[in-house]
Each structure stands twice: as structure tokens, then as C-alpha cells.
Amino acid sequence: MGFFVFLPLILPLTAVPIARLTEQHLHPRGAARLMTVISAVMAVCSVLCLGLIGVVGTAQIPGNPLPDSWSDPVVRHALPYHETVGTAAMWLLVLVAFTCCRTVVRHLRVRSRARRALAGLPEGPAGGPAGGPAGEEGLAVLPDRNPYAYALPGSPGRVVVSTGMLDGLAEDEREALLAHERAHLRHRHHRYLLTTQLAACVNPFLRPLQAAVAFSAERWADEESAQAVGDRRITARAVARAALVSHAAPAPGFAAFAAPAAAQPGPVPRRVAALLGPVPTARNWPPAKTPAGLAAMVAAAGTAASALCALNAAVALLVVLKAVTPL
């Protein structure tokens, strides 16, 4: 196994440049998919290597439930890891499992509470102070003065928007808002967000990718919204105005139209600037002779190296243990 078993724990650092440069020369759809795959692969490799280190280290501890032959001197010589390292790896695995379970449970609990709150609410009510769209399929307009809008995943998913948010937008901006949230539901962006959240729980070095995927998902929905309404400036104006009126809105925990400007001063201006610029090219990989292309190649190499190191360590461990385990 050697030192290579530790590499998957630090190789996620190779993906940091692409997380910062991915919005350049790459369509947000391709960026979200690329970084989600990188996060998932590197997170799995990190868990696998922690497990391998834990097995090797704790196999040498007397009284462990593993076969006695696994603590044979031959194994210790072939896989020379101290029991302290193995014990620390096992505790890290327990911490990772707890954090991931808590993240999933919190996500499901928020979804369940939101669905129960919307259970008796008709879809797309007409009238009201906002003059919201009537008969809009999957739309839930809540009589709340706090401005917010988000996509509630499920079968079927629903777009949730408050009257406070609709009051702050013009008619064409409301159309852009609804198109944005429907894009979140149609492309199941919550899965991308949850995957990267879990990956960040596994390895903190993957947190930049989590933030980058969240931004790319919003940009992806922005482009879908601009295409639906036929005017990128309308969507840009809607994003900016929604961010201004949402300064006191609570974060719903799902893909939202515009995060509070006071909490996130950076992403909203970047989204508006992107919408006021040209339509991004529909490429899923940046040009090789650009900083983003170089960063993508570095991230791909790091991901491949992480997978190879984890596979090599697993095979080495299986071969050694199989050789010393009596039939």
C-alpha cells in the first residue's frame, strides 16, 4: 500500500483551481455535471482509503474482531501502519458517517415539513395582493410578506413562492422567476447539491467544489429562464431585484431564485453580469489552451490518480490478507 494510500485524502486539492475557474469558458450545465462527478469520485476514494488504513492499523490491536492472521508479523511487515493511525482512521470514518447521515436526515426532514405545510394548499391560486399567475401547475403561492422563492423537489416537485416576493417583481420578472425554479425541478438540481454536500462532509478539501456546483446550478437555471422568457435582461433584472428584496428572507434550504444579498454579496452580481453578457457556449469541457482548460486537466488527473491509488491500495491489502488467511 505504501504512502499512496494517503494520496486520495489530499488529491481533492487538485480540483480547487477548476472550482474557481469553471464559470469561464464552460456552460454552467457542463460545469455542474463535471464538478459533481469529480466530487463524488474523490469522496468515494477518500472513504475507501480511510477504511483501508483503519483495517490495517486496527488489525494489529489485540482483541480486535478481525481474524488473528491479519495481525501476523508478515502482514505488519507488508502493511506497516501503526495502530494509532488505524484508530484515528476509524474514528474519522465514524465522524464522516455521522455527518453524512445528519445531512441526509436534515435534507429529508426539511422536504417533509415543507410538503406537509403545502399539503392543503391549492396549486397556482388566482388573485391575491401579488396578482400571482393562476392555474400554474405545481405552483404554491404562500401568503407571506417575507420574500422568498425556491424549488421543492419531489414527485411531483413544486415551485414555492411567497406573495412578498411576487409583490416585489414586475409581471415579466415573475415569469422569469417561475421559469428559473421550474428549471431547478426539471433538471433535479437538488441531487447535484446533495451529492456535493455529502462529498464535502467526507473530505473538507471538496468544499470549494460544493460552492461552485451551487453557483453553477443557479447559473444553469438562469440560462433556462432567459431562454424561456426570451430576454436575458429580464432575467438579470429579476435576479437583481429579488436579491435586493430578500435581505431578510430565511434560507429555505433548497435551490432558491436569489440568495439574500447581505449573506452572499458575490454570487448575485456575477450571475447578473453573466446574464448581461453573451450566451455561454454549449461546451462541457473548456478549451485546452486556457487557464480553465489547464485546471480541468489537473482536476481530471487528480481524480484519476485518486481512483488508481485507492484501487491499488485495496488490491494490495486483499492480496496480502488472502495470502495469510487460512482456508
Side-chain angles (χ1 to χ4, degrees), residues 18-36 39 107 110 147-153 157-162 165 168-169 173-197 199-200 207-229 231-247 249-280 282 284 292:
I18 190 61
R20 299 183 180 276
L21 297 174
T22 187
E23 60 186 281
Q24 305 175 13
H25 312 293
L26 198 62
H27 194 279
R29 176 183 59 249
R33 291 173 175 172
L34 174 63
M35 291 185 291
T36 300
S39 296
H107 177 80
V110 172
Y148 54 83
Y150 59 92
L152 177 62
R158 300 188 71 176
V159 173
V160 181
V161 60
S162 69
M165 175 63 80
L169 302 178
E173 294 169 352
R174 297 173 192 165
E175 183 181 353
L177 178 148
L178 297 178
H180 178 103
E181 299 303 338
R182 284 195 293 266
H184 281 315
L185 294 176
R186 182 167 59 254
H187 298 292
R188 302 184 183 278
H189 288 166
H190 65 282
R191 294 183 178 179
Y192 295 85
L193 301 179
L194 182 59
T195 298
T196 53
Q197 286 175 10
R207 288 178 180 174
L209 287 177
Q210 176 189 356
V213 168
F215 177 77
S216 296
E218 294 301 326
R219 281 284 300 116
W220 184 354
D222 286 343
E223 293 298 329
E224 295 277 335
S225 173
Q227 186 176 5
V229 300
D231 191 334
R232 298 172 63 79
R233 289 184 175 274
I234 293 177
T235 302
R237 193 169 66 242
V239 170
R241 186 167 296 179
L244 290 175
V245 302
S246 300
H247 64 279
F254 301 117
F257 183 64
Q264 294 184 335
V268 170
R270 284 156 54 201
R271 288 169 58 193
V272 172
L275 285 167
L276 294 178
V279 179
N284 294 322

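The model shown is predicted, which means the values in this text are computed figures rather than measured ones. Values reported hereafter were calculated over all heavy atoms of this structure, with side chains retained and with hydrogens, waters and symmetry mates removed.
Residue Thr195 holds its OG1 atom at 13.0 Å from CE of Met35, rounded to the nearest 0.5 Å. Between the OH atom of Tyr192 and the CZ atom of Arg29 there is a distance of 9.5 Å, given to the nearest 0.5 Å. From His180, atom NE2 reaches atom CG of Leu185 across 10.0 Å, with rounding to the nearest 0.5 Å. Rounding to the nearest 0.5 Å gives a distance of 7.5 Å between CZ of Arg237 and CG of Asp231. Rounded to the nearest 0.5 angstrom, Gln210 CD and Gln197 CD are separated by 5.5 Å.
Looking at Leu209 and Thr196, their side chains never come closer than 4.5 Å, going by heavy atoms from C-beta outward. A 4.5 Å side-chain heavy-atom check between Leu275 and Glu223 finds at least one atom pair inside the cut-off. Taking the side chain as every heavy atom from C-beta outward, Met165 and Leu177 approach each other to under 4.5 Å.
Here the side chain of Arg174 pairs a donor or acceptor atom with the backbone of Leu169 at under 3.5 angstrom. Of the possible donor and acceptor atoms, none in the side chain of Arg232 sits under 3.5 Å from a partner among the backbone N and O of Asp222. Ser225 contributes no side-chain N or O that, together with a main-chain N or O of Ala179, makes up a donor-acceptor pair within less than 3.5 Å.
Counting all heavy atoms, side chain and backbone alike, Ala199 lies closest to Ser39 at CB-O, 3.6 Å. The two residues Pro208 and Ala19 come nearest to each other via the heavy atoms O-CB, 3.7 Å. Here the closest heavy-atom approach between residue Ile234 and residue Ala176 is recorded as CG2-CB, 4.3 Å. Across all non-hydrogen atoms, the minimal contact from Ala236 to Val272 is O-CG2, 3.8 Å. Contact detail for Glu181 and Ala149: the closest heavy-atom pair is OE2-O, 3.6 Å.
Under the ring pair (Phe, Tyr, Trp, His ring centres under 6.0 Å) criterion, His187 pairs with His189, Trp220, not counting sequence neighbours. The side-chain hydrogen bond (donor to acceptor under 3.5 Å, both in side chains) search around Arg207 returns none, not counting sequence neighbours.
Within 6.0 Å of CZ in Arg233 there are 12 or fewer heavy atoms belonging to other residues, nucleotides or ligands.
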Evaluate His184 against Glu224 for side chain to side chain donor-acceptor pair (under 3.5 Å), listing each step before the verdict. CA-CA 9 Å; His184 281 315; Glu224 295 277 335; over 6 Å; no

